Amino acid sequence: MKIENVVASAAVDAEMDLDKIAATLDNAEYEPEQFPGLVLRLKKDVPKGIPKAAILVFSSGKMVCTGSKEIRLVKVALTETLKQIRKCGIKVKGEATIKIQNIVASSDLKSELNLDKIAFTLENTEFEPEQFPGLVFRVAKPKVVFLLFRSGKIVCTGAKKVIDVRRGVEVLVKELKKAKVL
Amino acid sequence: FYRLKRWHKQVSTATERNLRFALSELDRISSTLSLPKNIRETTALIYRKAVTKGLVRGRSMESVVAAALYAACRKHNVPRTLDEIAEASNVKKREIGRTYRFITRELKIRLLPTSPIDYISRFSSSLKLSPLVQEEAIKILKQAQEHDLVSGRGPTGVAAAAIYVSSTLSNEKRTQREVAEVAGVTEVTIRNRYKELIEELGIADKMSEASAKDD
DNA sequence: GCTTTAAAAAGTAAGAT
DNA sequence: ATCTTACTTTGGAAAGC
């Protein structure tokens, strides 16, 4: 499995002056009429060790970090975000409290899938080719959702821990084998 | 007691009013799509179940009617595309699809994916193709199913490709543009699907011979 | 429910060349 | 005809409508 994206929420104990940040940083977008959060885009900078990510900053000091390819990089991105915010003259104490909210991963079962048969055999699935070419497979424990494609490529989303992705794949494979579709 | 009585009365009145509006909306969409009575009845049945389960809360009545209609057409094997229903109603395609998946999940209605075969007669009629060409298109689709060339692709695109191939193989040729028009897909899609069909089904030679000739 | 963010899968679409 | 860009689906948080 390859992690493609990590979404995390974070918070710092400080009020954010979004107008001030938007006026100071050129990598920030702020359209309060459209969305209450300020969008801060970090571009990948290998020498500085900065990963690509997009951070939504709210006036309450709460934030959302998206786009990380590794769990570890969420903290790196948020640390850089606070650094830039402080550079705007806003005082922020300490580090942000981080909580991973969603992990998106992809993989390849290395076997073509008969989605019609899977949809017909398993109840926890949805398959509407007119609307989307992938089959939706919901796993209760761990609570994750898979998108299965006829090529055998799969996407896992909804996981809050990396181990949930692994366990989810185990459940998925077990179910597919039980239904003799893999 | 009076209070409870009045509450019942108000609820049933509100429900009836909702149902009346829903049925008039259903009639309006049905007539623009000229759908038969049995489909309107199935749609009304699904809509009533949705209301009973409180599935209309939080979304527009129109979207639920449109979604129920989409489901009813599929159930009777005379599918209308989301685009067609979106055009006949004032609901966006995306919203109808979401609502359809929602009520279908909640009411535990499981419908098989739409088969391209169910689109053949309607598309062929629009193209004024003979029953012979239609039957050939259906034969191609059955072979396509065996070769797993249907699953995961849009049903209308596959149906359009089959019609394009069968008409090309006959003396009732239709252009990709004409077929694309009635099927509501692009010529690029027909091209992608029909190339896959003739290659996998081994009728590529027959196709190139046929397209070289005139009607 | 919606709005905004990011990313993958595969199919389809639209506009440009 | 082919390329590029973009939209469909899945999941989750943020503040406000």
Side-chain angles (χ1 to χ4, degrees), chain A residues 1-11 16 18 29-42 51-69 73-74 77 98-109 113 115 125-139 143-160 164-165 168, chain B residues 57-60 63 81-83 92-95 97-99 101-102 151-158 160 176 180 183-193 195-196:
Chain A
M1 282 308 257
K2 179 192 177 193
I3 294 180
E4 304 286 358
N5 183 28
V6 177
V7 178
S9 54
M16 299 292 193
L18 303 185
E29 282 176 45
Y30 182 42
E31 295 293 331
E33 314 280 19
Q34 194 171 69
F35 189 70
L38 175 149
V39 182
L40 219 171
R41 287 167 212 281
L42 298 185
K52 178 182 180 184
I55 295 81
L56 303 181
V57 182
F58 298 85
S59 57
S60 62
K62 290 189 174 181
M63 308 178 276
V64 172
C65 177
T66 67
S68 296
K69 293 283 187 185
L73 297 179
V74 171
I98 304 171
K99 183 178 181 185
I100 303 301
Q101 300 289 358
N102 185 25
I103 297 172
V104 180
S106 66
S107 185
D108 190 349
L109 295 179
L113 301 173
L115 303 185
T125 61
E126 273 184 12
F127 183 38
E128 293 294 333
E130 184 185 339
Q131 298 166 53
F132 188 68
L135 178 149
V136 181
F137 190 117
R138 291 172 206 286
V139 174
K143 185 173 179 290
V144 295
V145 175
F146 284 96
L147 297 182
L148 313 189
F149 297 85
R150 62 187 181 84
S151 63
K153 297 280 186 59
I154 65 175
V155 171
C156 176
T157 186
K160 282 191 158 55
D164 288 344
V165 176
Chain B
R57 290 176 190 174
R59 64 196 82 232
S60 74
S63 69
T81 63
L82 289 175
D83 280 321
K92 300 279 182 262
K93 174 183 181 178
R94 180 183 173 185
E95 186 56 30
R98 288 184 174 184
T99 305
R101 291 195 300 274
F102 177 67
S151 182
R153 290 88 166 171
T156 52
V158 180
Q176 291 179 5
V185 297
T186 63
E187 295 164 75
V188 176
T189 294
I190 290 190
R191 227 167 277 141
N192 291 335
R193 294 296 136 246
K195 283 177 183 169
E196 191 173 57

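In what follows, every chain begins at residue 1, and chains take the letters A, B, ... in the order their sequences are listed. Just so it is clear, the model here is predicted, and its values are computed rather than measured.
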Taking the side chain from A:E130 and the backbone from B:L82, do they hold a donor-acceptor pair closer than 3.5 Å? yes

Rounded to whole angstrom units, what separation is found between the CG atom of A:L18 and the P atom of D:dG16? 11 Å

D:dG11 phosphate, OP1 or OP2, under 4.0 Å from A:R138 side-chain N/O: yes

Sugar-phosphate means primed atoms, P, OP1 and OP2; the rest is base. With that split, encode nucleotides 5-12 of chain C 5' to 3' as B, S or - using protein heavy atoms under 4.0 Å. BBBBBBSS

Can you tell me how far P of D:dG11 sits from CZ of A:F137, to the nearest Å? 14 Å

What is the distance, to the nearest angstrom, from the CD atom on A:Q101 to the C1' atom on D:dT10? 16 Å

So what stems show up for DNA chain C if we need 3 or more Watson-Crick or G-U pairs in a row, all under 3.5 Å? C:1-5 with D:13-17, C:10-17 with D:1-8

Using atom P in both nucleotides, what's the gap between D:dT9 and C:dA13 to the nearest angstrom? 15 Å

Is it true that B:E95 and B:R98 have a side-chain N and a carboxylate O under 4.0 angstrom from each other? no

Hey, does B:K92 reach any base, or is it just sugar-phosphate, or nothing, if we go heavy atoms under 4.0 Å? nothing

Run A:R138 and A:E126 through side chain to side chain contact (heavy atoms under 4.5 Å, CB included) and show every step you take. CA-CA 9 Å; A:R138 291 172 206 286; A:E126 273 184 12; 4.0 Å; yes

Using a 4.5 Å cut-off on heavy atoms from C-beta on, say whether the side chain of A:V6 contacts that of A:L73. no

So, OP1 or OP2 of D:dT8: does either fall under 4.0 Å of a side-chain N or O from B:R101? no

Whole-Å gap separating C1' (D:dT10) and CZ (B:R98): 11 Å

Heavy-atom closest pair (A:G158 atom, A:V144 atom, distance to 0.1 Å) is C-CG1, 4.3 Å

Step-by-step side chain to side chain contact (heavy atoms under 4.5 Å, CB included) determination, A:L56 to A:F35: CA-CA 10 Å; A:L56 303 181; A:F35 189 70; 4.1 Å; yes

Enter the distance from B:N192:CG to B:T186:OG1 here, rounded to the nearest 0.5 Å. 7.5 Å

If I take atom CD1 in residue A:I98 and atom C1' in nucleotide D:dG12, what distance separates them, rounded to the nearest angstrom? 16 Å

Do A:K160 side-chain atoms and A:Q101 backbone N/O form a donor-acceptor pair below 3.5 Å? yes

Contacts under 3.5 Å, N or O only, protein and nucleotides 15-17 of chain C:
none

Over 12 non-hydrogen atoms of neighbours within 6.0 angstrom of NZ in A:K52: no

Of the options A:L42, A:V74, A:I100, which is the one that meets A:S68 in a side chain to side chain contact (heavy atoms under 4.5 Å, CB included)? A:V74

For A:D108, is there any backbone N or O sitting under 3.5 Å from a side-chain donor or acceptor partner on A:K153? no

Between D:dG12 and A:K143, is there an OP1 or OP2 to side-chain N/O distance shorter than 4.0 Å? yes

When rounded to the nearest Å, what value does the distance between P atoms of D:dC7 and C:dT3 take? 12 Å

Would you give the length of the straight line joining atom CG of A:L148 to atom SG of A:C156, rounded to the nearest 0.5 angstrom? 10.5 Å

Rounded interatomic separation in angstrom, taking CZ from B:R191 and P from C:dA13: 12 Å

Send over the distance from A:D164 CG to D:dG11 P, rounded to a whole Å. 15 Å

For A:S60, which contact category applies under a 4.0 Å heavy-atom criterion: base, sugar-phosphate, or nothing? sugar-phosphate

Rounded to whole Å, please give me the gap between CZ in A:F58 and C1' in D:dA15. 6 Å

Any side-chain N or O of B:R94 less than 4.0 Å from the OP1 or OP2 oxygen of D:dT9? yes

Between C:dA9 and D:dT2, how far apart are the two P atoms, rounded to whole Å? 23 Å

